[in-house]
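These notes are about the structure you will find just below.
Throughout, protein chains are lettered first and strands after them, A, B, ... in sequence-line order, and every chain is numbered starting at 1.
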Number of protein chains: 2
Amino acid sequence: MKPSVVTSEPNGHYCDDCAVRGAAVCSSLDAAELREFEHLGRRVHFVSGETVFSEEDITTSFYNVLEGVMRLYKLLPDGRRQIVGFALPGDFLGMNLSGRHNFSADAIGVVKVCQFPKGPFGRFIEDRPQLLRRINELAIRELSQARDHMVLLGRRSADEKVATFLLGWRERLVALNGPSDMVALPMSRQDIADYLGLTIETVSRTFTKLERLGVIEIIHGGISLLDPARVEAMAAA
Amino acid sequence: MKPSVVTSEPNGHYCDDCAVRGAAVCSSLDAAELREFEHLGRRVHFVSGETVFSEEDITTSFYNVLEGVMRLYKLLPDGRRQIVGFALPGDFLGMNLSGRHNFSADAIGVVKVCQFPKGPFGRFIEDRPQLLRRINELAIRELSQARDHMVLLGRRSADEKVATFLLGWRERLVALNGPSDMVALPMSRQDIADYLGLTIETVSRTFTKLERLGVIEIIHGGISLLDPARVEAMAAA
DNA sequence: AGCCAAATTTGATCTGGGTCAATCGGCTGC
DNA sequence: GCAGCCGATTGACCCAGATCAAATTTGGCT
C-alpha cells in the first residue's frame with residue numbers, strides 16, 4: 001500500500017502517559033532526563049499499510065514504537081521479499097552506519113511511534129553514556145535474534161519454522177500483554193511466509209496441518225495454542 | 001576437532017606491532033589509552049579446528065581477532081549446523097546480553113586473538129564513551145550484515161547464494177589484503193554449505209558449474225575469479 | 001442484505017536441491 | 001613409492017516445498 005497522510009500530535013506528547021516508558025530506550029533515563037527527552041521527539045501515527053521508512057531512504061530519524069506492529073523487510077530487485085523482523089511496542093529503530101536505513105518498515109494495522117530527529121537525538125546521547133549503553137544492549141539483543149533467525153532460515157524444515165514462529169511470537173505478545181494461549185496474528189499469511197522463507201501456500205497448509213493434529217485452533221485474526229508442549233516438540237529438532 | 005593446547009605469550013604483547021591496531025575496536029583509542037589498553041589483553045593463539053568458545057559457555061572474555069579465520073556457528077540439538085559468520089582480523093567477538101556466548105567459534109587454520117577478560121575490559125570502557133560508540137558501531141554493522149544474510153538464506157537460489165558468497169568473501173579479503181581476483185577459501189566445502197544453508201554436494205556442483213561456465217577457476221585452497229561481472233550478474237536477482 | 005475484491009485454503013503437479021552412494025584426488029606417514 | 005584417509009566431486013534418484021490453478025472464505029462498501 002502507498003504511504004498516505006501522516007498525522008502528528010506535536011503538543012500531545014508527554015512521556016508520562018507513554019506505555020513503553022519503562023521498557024524502551026527510555027528506561028535508561030531518570031525523570032529529569034525524560035522531561036528533556038520528551039521535547040526531542042514527537043508522536044506520529046501511521047495507518048495500516050503505510051510505509052514508515054524505506055530501505056534506500058537517508059536516515060533522518062530514530063523511532064521508538066509505542067503501539068502497533070510493523071514489518072521490517074528487504075526486497076530483492078526482482079521483488080522477492082524477506083521480512084527480517086516484526087517490530088512491537090518498545091522496539092527502537094533507525095540505528096545504522098551508512099546513513100541509510102538498510103531495511104524498509106511499514107505499519108501492520110495502526111501504528112504509533114515516537115520519532116526523534118537524528119541530530120538532536122545524537123546530541124542528547126553525547127553526554128549520556130547510559131543511554132548509549134542501553135542502545136548497545138538493544139542492538140546486541142537484536143543481533144542475537146538475527147542469528148537465531150539465520151538458523152531457522154538456513155536449517156529448519158517448514159513445520160519447524162512455523163512452530164518456532166508461533167512460539168516466538170507468542171512469547172513476545174506475552175511479554176507485552178501477559179500470559180495467554182490466544183496468539184494474535186495481525187500480519188498476513190504472506191508476511192509470515194516472507195518471514196520464514198516459505199510460500200504462502202506452505203504456511204497455510206502447515207497451519208491447517210497443525211489444526212488437524214489438534215495442537216492449534218485457527219481463529220479469527222490469530223490462533224489458539226491448544227497444546228503448547230506438542231508445538232514445542234515440533235519446533236525443536 | 002577437539003580443543004587442544006592453548007598457548008599464550010603473556011609478555012609478548014605490544015599493540016605497537018599489532019596488525020589490526022588501526023582497524024579494530026582499538027581505532028577509537030589514542031596512543032596513551034592504547035598503552036593502558038594493551039595491559040588488559042593478552043595474545044592467545046589457536047591451532048586449526050580448536051574451539052575458541054562455545055555457545056553455552058559463560059562469557060568470560062572479549063576477543064579481538066588479530067590473524068586467521070574463525071567460523072561462528074550455532075548447532076541444533078540434532079547436529080544440524082548453521083554458520084552465522086566468519087570472523088577475520090579486526091573483528092570483535094564476545095558482546096552479549098545473557099552472559100553466555102550465543103554462538104560457538106572455532107579456528108580455521110591458525111588463529112591469533114587478543115583476549116580481554118570481561119571485568120577489566122568493562123571497567124576500561126566505563127569512562128570511555130568513544131570506545132563504547134565504536135563497539136556499538138561494530139554491532140550495528142554486524143546487524144546489517146546479518147539482515148543481508150537472512151535475505152540470502154530465505155530468498156535466494158543455490159546459484160545466487162554461492163555467487164553472493166564468493167563476491168562478499170572476496171570483498172572482505174580485498175579490504176584486508178588489497179585487490180586481487182584470487183579468492184582464498186580457507187574454510188571447507190562443508191563450512192560454505194553450512195553458511196549458505198545448502199549441502200556440501202550442492203556447493204560442490206555449483207562450483208563445478210561456475211567453472212564450466214568459465215567464470216571462475218577452482219584452484220588449490222580457493223578460486224580465481226575469471227569473470228567478476230558474470231558472477232555479479234548471477235548474484236543479483 | 002448483496003456484491004466485488006482480496007486473502008486464504010485446497011488440490012494437482014513439478015522441480016531445485018537434498019539424499020544416498022560411489023569414486024576421485026591429495027596429503028601423510030611409513 | 002605406496003597405503004590409507006579425508007575432503008571433494010560426480011552420478012542416480014527422491015522428496016519437501018514450490019508452482020500453478022481453482023475453490024472458498026472474508027471483508028469492505030454501497
With a 3.5 Å cut-off and just heavy-atom distances, do the side chain of B/Arg205 and the base of C/dG16 make a donor-acceptor pair? no

Carboxylate-amine/guanidinium proximity below 4.0 Å for [X] and [Y]:
| X | Y | value |
| --- | --- | --- |
| A/Asp159 | A/Arg230 | no |
| A/Asp191 | A/Arg81 | yes |
| A/Asp194 | A/Arg80 | no |

Whether over 12 other heavy atoms sit under 6.0 Å from B/Glu171 CD: no

The correct set of residues in residues 214-227 of chain A placing a heavy atom under 4.0 Å from DNA chain D is A/His220

Please work out which residues in residues 180-199 of chain A have a non-hydrogen atom less than 4.0 Å from an atom of DNA chain D and list them by number. A/Gly197, A/Leu198, A/Thr199

Under 4.0 angstrom, heavy atoms only, what part of the nucleic acid is A/Thr208 near: base, sugar-phosphate, or nothing? sugar-phosphate

Taking the six-membered ring for Trp, are A/Phe86 and A/Phe165 parallel (under 30°), tilted (30 to 60°) or perpendicular (over 60°)? tilted

By nearest-nucleotide position on DNA chain C, the 5'-leaning member of A/Ile200 and A/Arg155 is A/Ile200

What protein N or O atoms touch nucleotides 1-6 of chain C N or O atoms at under 3.5 angstrom, if any, and at what distances?
none

Taking 4.0 Å as the cut-off, does a side-chain nitrogen or oxygen of A/Ser204 come that near to OP1 or OP2 on C/dT9? yes

Out of C/dC20, C/dA12, D/dA21, whichever nucleotide has its closest atom nearest the side chain of B/Glu201: C/dC20

